[in-house]
Every structure is written in structure tokens, then in C-alpha cells.
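Convention: sequence-line order gives letters A, B, ...; per-chain numbering from 1.
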Number of protein chains: 2
Amino acid sequence: MDKKLNILLAEDDDNLGLLLHSFLKSKGFLVELARNGKLAFEKFNQSSFDFCIFDVMMPEMDGFTLAKEIREIDKKVPILFLTAKSMKEDKLEGFSLGADDYMTKPFSMEELLARIEAIMRRVETTQVLEDDVFMVGKIKFDAQSRMLYTQVQPTKLTTKENQLLKLLCKNENEILDRQATLRAIWGDDNYFNGRSMDVYIAKLRKLLREDDRIEIMNVHGKGFQLIIK
Amino acid sequence: MDKKLNILLAEDDDNLGLLLHSFLKSKGFLVELARNGKLAFEKFNQSSFDFCIFDVMMPEMDGFTLAKEIREIDKKVPILFLTAKSMKEDKLEGFSLGADDYMTKPFSMEELLARIEAIMRRVETTQVLEDDVFMVGKIKFDAQSRMLYTQVQPTKLTTKENQLLKLLCKNENEILDRQATLRAIWGDDNYFNGRSMDVYIAKLRKLLREDDRIEIMNVHGKGFQLIIK
DNA sequence: ACTTTGTGTTAAAAAAAGTTAAGCATTGTT
DNA sequence: AACAATGCTTAACTTTTTTTAACACAAAGT
């Protein structure tokens, strides 16, 4: 109920990074610090976050690109950008990517906290803090423990099965872009990873066959879509 | 409560090294001096430090590489770099590796002291000086004395068991990178050490079996993850 | 229609991890 | 010095997980 908010913080300057990390932790949040966008993207796909704070300028992958990649697979998670520049164009680009807020360095810790809380108040009403448990038709799926509670025989999913089903669930009834999914789970959207994903789709279909209202539908050339009638 | 701060000092120049060592000792710190990065890395993995001071230029393994290796298994421990060069690029590289501070030689002892205390003030508020005692589910684990207090029969862990479980605990709920772990505990991530680690994972699982909320989960191709439900 | 590209599915191959036990040093004990 | 005990590594075998291959078919473009 009163679960701690899980924050993904992407910041390359560790002076600021560690400072924010310890500050937010002291305020009762769980914080994961990633030192560049690429690492942050991997972390995002490996666990589950309720809130994102991204520095705009980072090596490997900047904050905007990171947000763009994440938005392809998660349309809801709140994102707050940090930037040194106070330029208008940046501000706009950030918001067009689905930013929920924006702060220009330097800023006060208390103000950051206030904004996080404001965003969460706004969001929490609609979206219950996710604990990675989904109902797929009548089948329960816990992405944390990787358990799929099918009627006949609960199954422990493998890493890849779990990641893929989780993405499908988080985007229920929406088309999950093929390339974006591959980048999120396999790190690269080449041909072979694509075929690999198709194999996993087949596996998931077999596992979910027990409830005939569940369908993993293909949208030719676009991606897959989890549909529950 | 008022435990002495344990400092790991990596410095190849013995003149400076011994000077710093005795100065810091006189100020009430426990100090371990390592003459190169490789030795420092080994020391770090064998005991437990609250603070690191690394010279940037050292034989065998330089301060930056050392910091990078350490950051893979410990994201929090404060690191302060010492360098002869006052070059900007170095400074930046240091910070991106998770440096908390940076000093250019020559520097005054008193200034060093002031900086250590400043960093510790910042850190100490959130993070209690770790005494290496963890709660793994309902099982107490003291990495200092190597005791695992299982209900049935408290066990004294072996060196390797202890190191591995400690790393898992310090990174609870996060994926502990396979290669990084091997380098930290075995010094080398070759095939055989990998198999050895798998044997130890099996041993730990058996020891922790008594509490079924504890799970050492494998993330295929990435590493292991200690999960407590 | 026909050709290309994308997907469905199953099976085989390859890679990674789990497990048990044998081997081999190192240490301490009698 | 012989012996046992301990801790770690290596080997051997098993199982799991992921990738690649192969073949069938469907969708879209020409």
C-alpha cells in the first residue's frame, strides 16, 4: 500500500548524481542511479520504475533519446528532465517527448521534491503504483517473481519470456512496436534477434492458449498486440 | 556508533603514501595502504571500506580503472582522486566514474582532511556506516564474522561463500553482473572461475533454502540477483 | 500472378547454468 | 611424518535457456 516509490535517475555528473541519490533516498524513495543513458535504458528494461529523472546531456545516450526509447514501450511513466541550459527549444523538445516536468540547473533539492510529489499526486489517482502483477484474462502474471499462474500448472518464465510478456501486458491493447521491443529486450533489432522474438511469441501463445479470450495478435510490419476480449 | 572510518588508500609513491597513511592515522582513521591499483582492488574485495582515496596514475591498474571496477560492485562508497596533473579531461573522467571529489597535487593535508569530512557529512546522514550485517529475509548474516544465522544451525561461511553472499546482499534486488563479480572475488572472469561461482551459488541457495521468500535468481547471460519477497 | 518480405512453428544446435562428486592443495593435529 | 579436515577447483553429467535453421504460409508490393 505504502510502497516506496522507485525512481530511475540518469545523471552522468556524479557530484550531482550521488547528491540527488542520497537526498532522494533520505526522503524515502528507492533510487537507482545510472551513469549514462544506455545504462539507464538497460536498467529500465530489467526492472520496474515509477518515476524517471533524466539529465539531458549525457554520454552514450542523451536524456531525450533515452526518453524517446522509453516512450516507445512505456507511455505513462512520469519523466522529469534536468538540464544546464535554460533554452526554450530544449524545453519544448522535452515536453513533446512526453516530459512531465523540467528543471534547469542549478535547482533546489526541495523544489525537486515538491515537483516529484506534485506529479505523483496527479498521476496516482489514475494509475495505481504498479507492483508488476498483471491479470492476463483469468491468468495471473507476476513479472517480479516471473511466475505465470496458469490453471493447469503455474510456470516459472525464463528471463526473455518474462520481459516480453511484461511489455505486452504493460501495453495491453496497443501495438508493441517490433523494433522498439527488440531494442528494449535484446538490445539490438537485427534479423536474428527478430526471429528469436518470434519464437518467444510462439512460446507465450502456447502458454496462454488455456484462456481463449487472450490473443497475441500480429500487426504486419508493425509489431504485436496483446488483446483480451 | 562512533566507529573509526576505514579508508582505503591507493598510492604508488611511497613518500606520499606513508605520509598520508600516518597523517590520517593520527587523525583517527583506520587506513590501508595499497601500492598499486590491483592490490587495492584485492584489498577492497577482502574487507570493507567506508572511504577510498586513489592516486590516478599508478602501475598495474590506474585509479580510474580501479574506480570503474569498484563501481560495478559498489555504487555508493565515496571515492576521492589524487592527481599530479590538473588537466580538465582527467577531472571529468574521474567524476563520470563516480568520484566524489578530486585533489591536485600538491595539496595540504588539512585540506584533504576537510574534504573527507565534508563528503562523509553528506553521506553519513543517509547511509549508516555499514558494519556488514545484513538481514536476508529472516536470516541474519554478519559478513564481518562470516556467520550466517540460519534457524536450524548457524553456519560459519567460507571465504568465498562469504564474499559472494556479501556482494549479493549489497546489491539486493539488483542484477549482480557475472563478469564483474568474478573479477571482484576470483580476480579473473575465466571459464573455470565461472563454474566455480556457479557451485557457490548452489551452496548459498541450499543454505538459504530455509526461508522460501529468499531467492537467488539467475538472469540469463547477465548475472545473479538476490530477491527477498 | 508473382516476387519479396514478414511471420508461425517446430526442431536442432549452441550456450549458459545447476548439481554432484572427485581431485588437490593447504592447514592443522596427533 | 602420517593423518584428517577444510576449502576450493575441476570434471562430468544434466537441465535450462537462448539462438539458429528449416520449411510453411500470409501479407503487401509490383
Side-chain angles (χ1 to χ4, degrees), chain A residues 45-46 145-148 153-168 175-182 184-209 214-227, chain B residues 42 45-46 146-148 153 155-168 175-209 214-227:
Chain A
N45 293 123
Q46 274 156 10
S145 59
R146 293 192 195 165
M147 287 299 292
L148 185 69
Q153 174 104 56
T155 320
K156 172 122 190 169
L157 301 182
T158 73
T159 311
K160 289 274 193 293
E161 289 166 346
N162 190 62
Q163 285 180 288
L164 187 51
L165 183 54
K166 182 172 154 189
L167 272 192
L168 284 165
I175 297 172
L176 193 58
D177 183 77
R178 192 178 167 91
Q179 317 302 325
T181 308
L182 284 168
I185 300 181
W186 276 265
D188 184 11
D189 61 358
N190 66 40
Y191 172 78
F192 289 109
N193 289 338
R195 295 325 325 271
S196 206
M197 179 163 95
D198 290 332
V199 171
Y200 278 96
I201 288 289
K203 285 181 182 172
L204 289 180
R205 281 184 179 135
K206 193 177 282 181
L207 282 167
L208 299 171
R209 197 118 63 201
I214 303 170
E215 188 184 0
I216 299 179
M217 200 169 73
N218 173 257
V219 181
H220 197 95
K222 296 276 180 232
F224 295 98
Q225 189 176 17
L226 175 64
I227 293 179
Chain B
E42 284 172 23
N45 293 123
Q46 274 155 13
R146 293 192 196 166
M147 286 300 292
L148 185 69
Q153 174 104 56
T155 321
K156 171 122 187 170
L157 301 183
T158 72
T159 313
K160 288 274 192 292
E161 288 166 345
N162 190 62
Q163 286 179 289
L164 187 51
L165 183 53
K166 182 171 153 189
L167 272 193
L168 284 165
I175 297 171
L176 193 57
D177 183 77
R178 193 179 166 91
Q179 317 302 326
T181 308
L182 284 168
R183 284 193 300 273
I185 300 182
W186 276 265
D188 184 10
D189 61 358
N190 66 39
Y191 172 79
F192 289 109
N193 289 338
R195 299 324 327 275
S196 205
M197 180 162 95
D198 289 333
V199 172
Y200 278 93
I201 288 288
K203 287 181 182 173
L204 289 180
R205 282 187 179 133
K206 193 176 281 180
L207 283 167
L208 299 172
R209 195 118 63 201
I214 303 171
E215 190 179 4
I216 299 178
M217 202 163 68
N218 172 258
V219 180
H220 199 96
K222 294 270 182 246
F224 294 98
Q225 190 177 18
L226 174 64
I227 291 181

Looking only at dG8(C), dT19(D), dC8(D), the nucleotide nearest the K203(B) side chain is dC8(D)
Applying side chain to side chain contact (heavy atoms under 4.5 Å, CB included) to R205(A) and not counting sequence neighbours gives I201(A), I216(A), N218(A), F224(A)
Give, for atom NZ of K160(A) and atom CE of M197(A), the distance between the pair rounded to the nearest 0.5 Å.
-> 12.5 Å
Residue pair K206(B)/N218(B) against DNA chain C: nearer the 5' end by closest nucleotide is N218(B)
F192(A) CZ - dA14(C) P separation (whole Å) = 14 Å
Separation of atom CG in N190(B) from atom P in dT9(D), rounded to whole Å = 10 Å
Rounded off to whole Å, could you give me the CG-to-P distance for the L164(A) and dG8(C) pair?
-> 12 Å
Could you tell me the separation between the CD1 atom of I201(B) and the C1' atom of dC8(D), rounded to a whole number of Å?
-> 16 Å
Write down the distance between CZ (R209(B)) and P (dG18(C)), rounded to a whole number of angstrom.
-> 12 Å
Ignoring backbone atoms, test whether W186(A) places a side-chain nitrogen or oxygen under 4.0 Å from the OP1 or OP2 oxygen of dT19(D).
-> yes
Kindly compute the distance separating CZ (R183(B)) from CG (N45(B)), expressed to the nearest 0.5 Å.
-> 11.0 Å
R178(A) side chain: which of dT7(C), dA11(D), dT18(D) is closest?
-> dT7(C)
Is it the case that more than 12 heavy atoms not belonging to K206(A) sit under 6.0 Å from its NZ atom?
-> no
In whole Å, what is the span from the CE atom of M217(A) to the P atom of dA26(D)?
-> 17 Å
Nearest to side-chain heavy atoms of H220(B), which nucleotide of dA11(D), dT19(D), dA16(C) | dA16(C)
Assign F224(B) to base, sugar-phosphate, or nothing according to its heavy-atom contacts below 4.0 angstrom with the strands shown.
-> sugar-phosphate
Less than 3.5 Å between a donor and an acceptor, one on the side chain of R195(A) and one on the base of dG6(C), is that the case here?
-> no
R205(A) has its side chain closest, among dT19(D), dT9(C), dG18(C), to dT9(C)
Atom CG of D188(B) and atom P of dT10(D) are separated, to the nearest Å, by 11 Å
Compare the minimum distances between each of dG8(C), dA17(C), dT9(D) and the side chain of D198(B), then state the nucleotide with the smallest one.
-> dA17(C)
For K222(B), look at atom NZ and say whether over 12 heavy atoms of other residues, nucleotides or ligands are found less than 6.0 Å away.
-> no
Closest to side chain of S196(B), choosing from dT10(D), dA21(D), dT19(D) = dT10(D)
Candidates dC8(D), dT17(D), dT19(D) - which lies nearest the side chain of T158(A) = dT17(D)
Taken to the nearest whole Å, CD/E161(B) to P/dC8(D) is 7 Å
Taking C-beta and beyond as the side chain, do L157(A) and L207(A) meet within less than 4.5 Å on heavy atoms?
-> yes
Assign each of V199(A) and V199(B) to its nearest nucleotide of DNA chain D by heavy atoms, then name whichever residue's nucleotide is nearer the 5' end.
-> V199(B)
Would you say dT17(D) has OP1 or OP2 under 4.0 Å from some side-chain N or O of T159(A)?
-> no
